[in-house]
Colleague: 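Right, I'll just put the structure down here and ask away after.
A, B, ... follow the sequence lines: proteins, then strands. Residue 1 opens every chain.
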There are 2 protein chains.
Amino acid sequence: MTADHDPLGLDNQLCFAAYSTAHAFNRLYRQHLSALGLTYPQYLVLLVLWENAPVPVKAIGDRLMLDSGTLTPLLKRMETMGLIIRERASHDERQVLVRPSTAGLALKDRARALPPAIACATGLDPESLGRMVEDLQTLRTRLLANAQPE
Amino acid sequence: MTADHDPLGLDNQLCFAAYSTAHAFNRLYRQHLSALGLTYPQYLVLLVLWENAPVPVKAIGDRLMLDSGTLTPLLKRMETMGLIIRERASHDERQVLVRPSTAGLALKDRARALPPAIACATGLDPESLGRMVEDLQTLRTRLLANAQPE
DNA sequence: CAAAATCAGATTGTGCGCAATCTAAATTCG
DNA sequence: CGAATTTAGATTGCGCACAATCTGATTTTG
């Protein structure tokens with residue numbers, strides 16, 4: 001059966017390795033984020049807003065590679081939770097500018113505990129971890145280049 | 001702002017690298033799988049069934065790390081599409097055994113074109129690709145060990 | 001300037017993913 | 001054997017993801 005070399009073997013495919021690892025991350029984060037009342041995608045939005053705000057929805061989408069069909073309801077929920085503020089840009093009525101509320105900003109301090117805890121769970125030393133991040137980013141770039149024939 | 005070393009910087013986090021790479025894979029696969037009328041999770045189920053069938057739902061879940069809440073409706077859709085057959089096991093009425101139909105088996109031949117096409121899109125040589133698969137599997141194991149304190 | 005094209009978000013519909021709960025069957029144990 | 005426990009799947013409810021479509025604002029162009 002030589003499953004080791006079967007191209008259709010589940011455990012030989014990079015896609016499933018990425019898929020299942022992303023799910024594993026999601027599960028681990030869920031445990032840490034439940035204390036903050038956040039889902040993982042909501043946490044990602046806050047990471048973007050903590051770096052730079054206010055930003056239009058489009059910019060968040062570019063950064064996280066998500067479209068308005070995903071972001072609009074997600075941001076509405078976060079606004080209802082009191083974490084962010086959305087308002088139309090006066091200079092361009094098409095845009096909706098998003099920024100963290102005071103409560104959303106306050107979460108940043110509590111979130112600082114996460115990266116070290118997660119890094120520990122990976123069992124990787126800082127260099128290996130950094131290399132893996134770069135490898136995945138390179139891979140992602142190549143996949144997207146092949147996935148979006150403009 | 002030395003974003004290069006900010007632990008909360010989006011681009012410094014392994015989780016986002018994994019999350020966004022998995023999405024990029026999903027997008028690329030969608031293009032290739034649309035010709036077969038499959039979604040990516042449905043393709044994963046077939047990979048499992050092509051390796052070994054019939055198998056109970058539980059075994060598919062163990063293999064793909066998905067629970068019945070995800071699999072039951074997914075498998076029902078695949079049964080409606082005529083790709084798989086589900087039937088209660090006679091020796092244990094709790095189990096539902098799943099196996100590919102003739103149509104589901106026939107898809108395997110058409111699916112053989114996928115792995116080479118995807119491998120090409122990754123731009124990775126076979127060794128790098130294999131190493132990355134192993135690194136991700138190791139990482140996944142560690143994450144799951146930390147995510148499920150029994 | 002006005003029509004056409006582009007762009008930002010919102011909306012709709014479908015398919016995962018998962019927690020929580022439920023049912024029925026099988027196993028364990030007193 | 002019979003009650004308690006465990007197990008396999010199904011169900012419900014919610015939150016992403018994304019394609020497709022729609023609306024209204026802005027930009028481009030003829």
Colleague: Applying a 4.0 Å non-hydrogen cut-off, can you work out what A:Leu71 is touching in the nucleic acid: base, sugar-phosphate, or nothing?
Modeller: nothing
Colleague: Which is more 5' along DNA chain C, the nucleotide nearest A:Lys76 or the one nearest A:Arg27? Just name the residue.
Modeller: A:Lys76
Colleague: To the nearest angstrom, how far is A:Leu64 atom CG from D:dG15 atom C1'?
Modeller: 16 Å
Colleague: So does B:Leu66 get a backbone contact from the side chain of B:Thr70, meaning a donor-acceptor N/O pair under 3.5 Å?
Modeller: no
Colleague: Tell me whether the side-chain N/O atoms of B:Thr39 come closer than 4.0 Å to OP1 or OP2 in C:dC16.
Modeller: yes
Colleague: Rounded to the Å, how far apart are B:Leu38 CG and C:dC16 C1'?
Modeller: 14 Å
Colleague: Regarding C:dA8, can its base be found pairing with the side chain of A:Ser68 as donor and acceptor, where the two atoms are less than 3.5 Å apart?
Modeller: no
Colleague: What contact category does A:Thr70 fall into here, base, sugar-phosphate, or nothing, at under 4.0 angstrom with non-hydrogen atoms?
Modeller: base
Colleague: Quick check on DNA chain D: between B:Arg94 and B:Pro73, whose nearest nucleotide comes earlier from the 5' end?
Modeller: B:Arg94
Colleague: Would you say D:dA10 has OP1 or OP2 under 4.0 Å from some side-chain N or O of B:Arg86?
Modeller: yes
Colleague: Quick one: does any side-chain atom of A:Ser101 pair with a main-chain N or O of A:Ile85 as donor and acceptor, under 3.5 Å?
Modeller: no
Colleague: May I have the step-by-step check of side-chain hydrogen bond (donor to acceptor under 3.5 Å, both in side chains) for A:Arg140 and B:Ser20, ending in yes or no?
Modeller: CA-CA 7 Å; A:Arg140 182 185 65 197; B:Ser20 53; 2.7 Å; yes
Colleague: Looking across every strand, which nucleic acid part, if any, lies under 4.0 Å from B:Met65 by heavy atom: base, sugar-phosphate, or nothing?
Modeller: sugar-phosphate
Colleague: Does a side-chain N or O from B:Tyr19 land closer than 4.0 Å to OP1 or OP2 of D:dC16, or not?
Modeller: no
Colleague: Provide, to the nearest angstrom, the distance between the CZ atom belonging to B:Arg30 and the P atom belonging to C:dC16.
Modeller: 10 Å
Colleague: Does a side-chain N-to-carboxylate-O contact under 4.0 Å join B:Asp125 and B:Arg131?
Modeller: no
Colleague: When you match A:Asn26 and A:Asp92 each to their closest nucleotide on DNA chain D, which lands nearer the 5' end?
Modeller: A:Asn26
Colleague: Measure the distance from OH on A:Tyr40 to P on C:dC18 and round it to the nearest whole Å.
Modeller: 14 Å
Colleague: Over how many whole Å does the gap from A:Asp67 atom CG to C:dG9 atom P extend?
Modeller: 12 Å
Colleague: Does D:dG24 have OP1 or OP2 sitting under 4.0 Å from an N or O in the side chain of A:Arg88?
Modeller: no
Colleague: What is the distance, rounded to the nearest whole Å, between atom OH of B:Tyr29 and atom P of D:dA19?
Modeller: 17 Å
Colleague: With a 4.5 Å cut-off on side-chain heavy atoms, are A:Val57 and A:Val98 touching?
Modeller: yes
Colleague: Over how many whole Å does the gap from B:Leu75 atom CG to D:dT11 atom P extend?
Modeller: 12 Å
Colleague: Could you tell me how far apart A:Gln95 (CD) and C:dC7 (P) are, to the nearest whole angstrom?
Modeller: 13 Å
